[in-house]
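Read the structure below first, then the notes.
Treat the numbers as computed from the prediction; the structure is a model and nothing was measured. FYI, the numbering just counts along the sequence from 1.
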Amino acid sequence: MTENLNPTNVENYLIKNPEFLKSYLSKHGAPDITHKDGSHSEPSSPEIKIKRLPNFTSGRGNSITTSIFKKYVEGNLERIKKTSKDRNQLLSMSEDEVFMELIRDIATELDVNVLCHKILKNVSILTRSDRGSLFLVRGSKGNRYLVSKLFDVTEVSTISESLHTEETEIKVPFGKGIAGFVAESKDTVNIKDAYEDPRFNKDVDLKTGYRTHSILCMPILNYEGEVIGVAQIINKVTGNHEFTKQDEDVFRKYLIFCGIGITNAQLFELSVQEYKRNQLLLNLARGIFEEQTSLERLIQKVMLDSQDMLKCERCTVYLTEESMSKSRFIHLNRALSSIDPHPEEDSNVQAKAKPTSTKDVLFSMAFDLYAKDGGNIRVPSAAEVAKSRNAEIARHVVLKGTPLNVSEIQIDAMFGKIRGFEDDGFKTKNMLCMPIFNNEKKIIGVTLLVNKLNGVPFNENDANIIEAFSIFTGLGIHNCQMYENACRLMAKQTVALEVLSYHATAQQEETDKLMASEFPPGKDIGLYTFEFNDIPLDELETVKCTITMFQEANLLAEFKIPLEVMCRWTLSVKKNYRPVTYHNWRHAFNVTQTMFTILYTGGLIKKFEGLEVLGLLVACLCHDLDHRGTNNAFQVKVASPLAMLYSTSVMEHHHFDHCIMILNSEGNNIFQSLSPAQYRNVIKMLEHAILSTDLALYFKKRGDFQKLVQEGETEYIEPYKKDLLKAMMMTACDVAAITKPWEIQEKVAQLVANEFFEQGDKERTELGETPMAMMDREKKDELPKMQVGFIDAICLPIYKMFAEMNQSLRPLYDGVMDNKKHWQELAEVHEHEDSEPVQRNRSPEQNGLPQKSDSKEHKRKEPEVQFEKKVKIVEPKKTKVCVLL
């Protein structure tokens, strides 16, 4: 009977013996296959049984199965404790009864580990073997191997003693050793003397001290005939330790049922893993919508919520530069297109080219999560990311656009033999890298997992998990960016409404009046001199002088700018300067006049084309549009709409955008006759020139410019060199008040100081903070001393470089040196005042100042009295601080 036992015979037996089936089901059958009246199904044929199978998963059965599943997932499932029969009890039973008992023992087991342990124990009983081992198949079809799930299981050994974890499991490639041969060939191997078989590894016996005599090894197949495992038993305990043909038959028949049980248990295990993964992903989805105000906080929240799912030593998320600058890029393109009169000719706006090498891939930000740090996330610097070897592999993934699983980083052929250590000492053994896509299917980042916690390489299941994680991360980034864009638009709307409520375009009557006026020749009013003084001029005269500069530069004729448009635009620009103490229309006019003088009197006009001259003069006139009398730091501190709209160079970006707004208003576009190419070029020049007035950019570029001057550069033909020259010219013009004659410089310095005091007063009263010294009204007396330091640190280097480059620009350097001398004299006087009070009405000779003529002494008398208390100027960081001069 045993020899003919197979699934078909068992099925036929059950059909022909329904009473046996009823008896079995009444004892061991599940409730969901019992009729309401308590009876059981009695299938009359195999076909009827198959048709009734779907009913087992519907209705009432589903609720019971779901309950069991949830208890199993939550770890609350109570196992039914059944007393297993020992070897002697089983041997006293008939062969059919033994099989049914053993099959019943594994039929309801869903835990793969427990199931495999029972299989080996039962096989040991059936075949009277001493011990056994079970290997399960892992890996993809092209790279399959065996892993030792349980090793050396005896009749009395517990599962904890025999179970191999992922850290301790033995890997056996297909075709290697006895188990590998069986897995590859699907043949049964019965070895009577293991030491005579070359496939046997004697080292195992040497390590364990156990003597292996005979081995019976057989494949475990699923319903499709594929190998899902290999079972191996060792040393028959009876006779001559050799396994017989009958042992092979019993082993084979039992493994048929084992294959079914293992397949079911593995499917159940996958269901549990999928259920847990789905629960984690649902938590991620909730987190995406809980945190959308900050991209950095979102990434950190997603990474922290995913620790249990990732199960690795280190997780890094890299964000590409394009993902962070997308909003600003779109904003600028819209600004350009809004004033372009030929949009149809410029439809294909330059898009960022697809990277062709890893050098083209730039990461703007990275987030590192270390498991050993208890969930702390570190944000590495740009320099660390640039040098990171892991980041280089992430760049490769961005370039290729496909996932990457590196099992052995030190020997992987793709990257050659490289060290697996980062600069921070972290050793990378293996990694799994997955691109993050946005809604446009473009890569915006990379997720990188390094070193599984159990020490084994990442597998296909890990790839599925990280893919889901990357999808949700991409959704979160997209959602966060949409939210940030919405906030930016709201901030922009607030700023626009504020601007429009305060400013207005010049009225037609004003324009007509200006057009009917006579514009004075530039030489008659000193526009070509470095000592030009605007103080005697009234507001209308400054506007006329502005038109004169554009006319005498031949810009109106060369670029076909109608006089009416030029007059209206100039008046509109003037209107859009607020009446603040210093950063007003007068300051913009003086900066423009200095640029005009540097170009024509200083001789730099030869280095520029007409369009560049137009761009520079327009940039100077617009470089402080809508200035509020406060600096960038103040805007950030009060979280103004401007600070929300622009992340860096807050006021400078606003000045540029305001310039674009005026150009876009009706009747103010002085660029209306330019070609599309000229339009693009002049707008880019405007942005570059206005942003260059940020002192932070000046400090970054000054060293490069100094190097060019020292090398004797005179042509400045290359685009980079010319842009560098323009940037330095903008700074030189912006702070040119320090080069004016002392009578002018003294008055301008008081204006600047007063504007800073006004900001300091706001910080003290509105924010409850103590302002920095240069804005503190209580520290007025330090102005001369700080002016000297400011001249040395900021002004002298730039004017000295221009004087060395071109002797025609020497008056700027001489002017700042002369003013430095005056400030030093005042500083020395006030240092003496610390020990001896100064008489308010003392003469210049008594105060230690050099004697001047009566007229000049009279002109300077008022500033001397005002500067008995002085402003302290420290560490200027922005262009607006630079203009303190």
Side-chain angles (χ1 to χ4, degrees), residues 506 508-577 584-606 608-625 659 662-663 667-673 682 686 689 729-730 732-734 736-737 739-741 744 808-809 811-812:
Q508 187 63 40
E509 293 79 7
E510 296 177 280
T511 305
D512 293 339
K513 181 180 178 180
L514 180 60
M515 289 177 61
S517 303
E518 291 185 5
F519 302 105
K523 291 185 178 180
D524 292 353
I525 54 177
L527 286 177
Y528 290 87
T529 65
F530 291 104
E531 299 81 12
F532 175 78
N533 183 8
D534 73 293
I535 296 177
L537 303 177
D538 61 27
E539 295 294 299
L540 181 59
E541 287 175 325
T542 59
V543 176
K544 292 179 182 179
C545 290
T546 301
I547 302 295
T548 296
M549 286 187 283
F550 279 83
Q551 285 180 329
E552 297 192 5
N554 198 36
L555 298 176
L556 274 66
E558 182 177 355
F559 299 105
K560 301 178 182 178
I561 305 173
L563 180 60
E564 179 181 2
V565 176
M566 186 69 205
C567 291
R568 183 181 295 109
W569 175 80
T570 306
L571 289 170
S572 297
V573 169
K574 177 180 174 297
K575 272 182 171 288
N576 281 271
Y577 273 95
N584 49 37
W585 161 255
R586 289 271 179 172
H587 168 63
F589 170 69
N590 276 288
V591 172
T592 307
Q593 185 274 329
T594 304
M595 179 64 74
F596 182 79
T597 307
I598 287 177
L599 288 170
Y600 288 95
T601 305
L604 295 188
I605 188 67
K606 301 176 183 179
F608 300 102
E609 298 176 356
L611 189 66
E612 293 173 308
V613 175
L614 176 63
L616 286 171
L617 292 180
V618 171
C620 287
L621 205 63
C622 298
H623 84 282
D624 270 332
L625 273 170
C659 173
I662 295 176
L663 288 169
N668 285 281
N669 192 357
I670 59 175
F671 300 148
Q672 61 187 18
S673 299
V682 77
L686 277 177
M729 290 171 65
M730 289 298 298
C733 294
D734 200 13
T739 68
K740 298 291 184 179
I744 302 173
S808 298
L809 299 176
L812 293 172

Distance-minimising heavy-atom pair for [X] and [Y]:
X	Y	answer
Cys567	Thr511	CB-CG2, 4.1 Å
Ile670	Val618	CD1-CG2, 3.8 Å
Gly615	Leu686	O-CD2, 3.6 Å
Asn668	Ile662	CB-O, 3.1 Å
Phe530	Pro811	CD1-CB, 3.6 Å

Supply the atom-to-atom distance [X] [atom1] to [Y] [atom2], rounded to the nearest 0.5 angstrom.
X	Y	atom1	atom2	result
Lys574	Leu625	NZ	CG	13.0 Å
Met730	His623	CE	NE2	6.5 Å
Asn533	Ile744	CG	CD1	3.5 Å
Leu556	Gln551	CG	CD	6.0 Å
Thr570	Ile547	OG1	CD1	3.5 Å
Ser517	Leu540	OG	CG	5.5 Å

Taking [X] for the side chain and [Y] for the main chain, is one N or O donor matched with an acceptor at less than 3.5 Å?
X	Y	value
Thr548	Pro521	no
Thr592	Leu621	yes
Thr601	Ile598	no
Lys740	Phe532	yes
Thr597	Leu527	yes
Ser572	Ala506	yes

Checklist entry - Step by step, would you call Thr542 with Asp538 a side-chain contact (heavy atoms from CB on, under 4.5 Å)? => result CA-CA 7 Å; Thr542 59; Asp538 61 27; over 6 Å; no

[Y] and [X], any side-chain heavy atoms less than 4.5 Å apart:
X	Y	value
Thr546	Trp585	yes
Val573	Cys622	yes
Gln593	Cys545	no
Val591	Asp624	no
Val565	Asn669	no
Ile561	Ser673	no

Item to check | Listed once per pair and sorted, the salt bridge (charged side-chain N to carboxylate O under 4.0 Å, His left out) pairs that draw on residues 510-534, sequence neighbours left out | outcome: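 Only Glu510-Lys575, Asp534-Arg586 qualify under salt bridge (charged side-chain N to carboxylate O under 4.0 Å, His left out).
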
Next on the checklist: Enumerate the salt bridge (charged side-chain N to carboxylate O under 4.0 Å, His left out) contacts for residues 541-568, please, sequence neighbours excluded, ordered by first and then second residue.
Outcome noted: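 Those involving residues 541-568 are Glu564-Arg568.
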
Item to check | Ala588: side chain to side chain contact (heavy atoms under 4.5 Å, CB included) partners, not counting sequence neighbours | outcome: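 Scan of Ala588 (side chain to side chain contact (heavy atoms under 4.5 Å, CB included), adjacent residues dropped) gives Tyr577.
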
Next on the checklist: Between Glu612 and Val682, is the side-chain contact (heavy atoms from CB on, under 4.5 Å) condition met? List the steps.
Outcome noted: CA-CA 7 Å; Glu612 293 173 308; Val682 77; over 6 Å; no

Next on the checklist: Test side-chain contact (heavy atoms from CB on, under 4.5 Å) on Met566 and Leu555; report intermediate values, then the result.
Outcome noted: CA-CA 10 Å; Met566 186 69 205; Leu555 298 176; over 6 Å; no

Checklist entry - Given Phe596, which of Phe550, Tyr528, Phe589 fulfils the ring pair (Phe, Tyr, Trp, His ring centres under 6.0 Å) condition? => result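 Between Phe596 and the candidates, ring pair (Phe, Tyr, Trp, His ring centres under 6.0 Å) is satisfied uniquely by Tyr528.
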
Checklist entry - Counting heavy atoms not belonging to Glu539, are there more than 12 under 6.0 Å from its CD? => result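 Result for CD/Glu539: enclosed.
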
Item to check | Evaluation steps, side-chain contact (heavy atoms from CB on, under 4.5 Å), between Leu514 and Phe519 | outcome: CA-CA 9 Å; Leu514 180 60; Phe519 302 105; 4.0 Å; yes

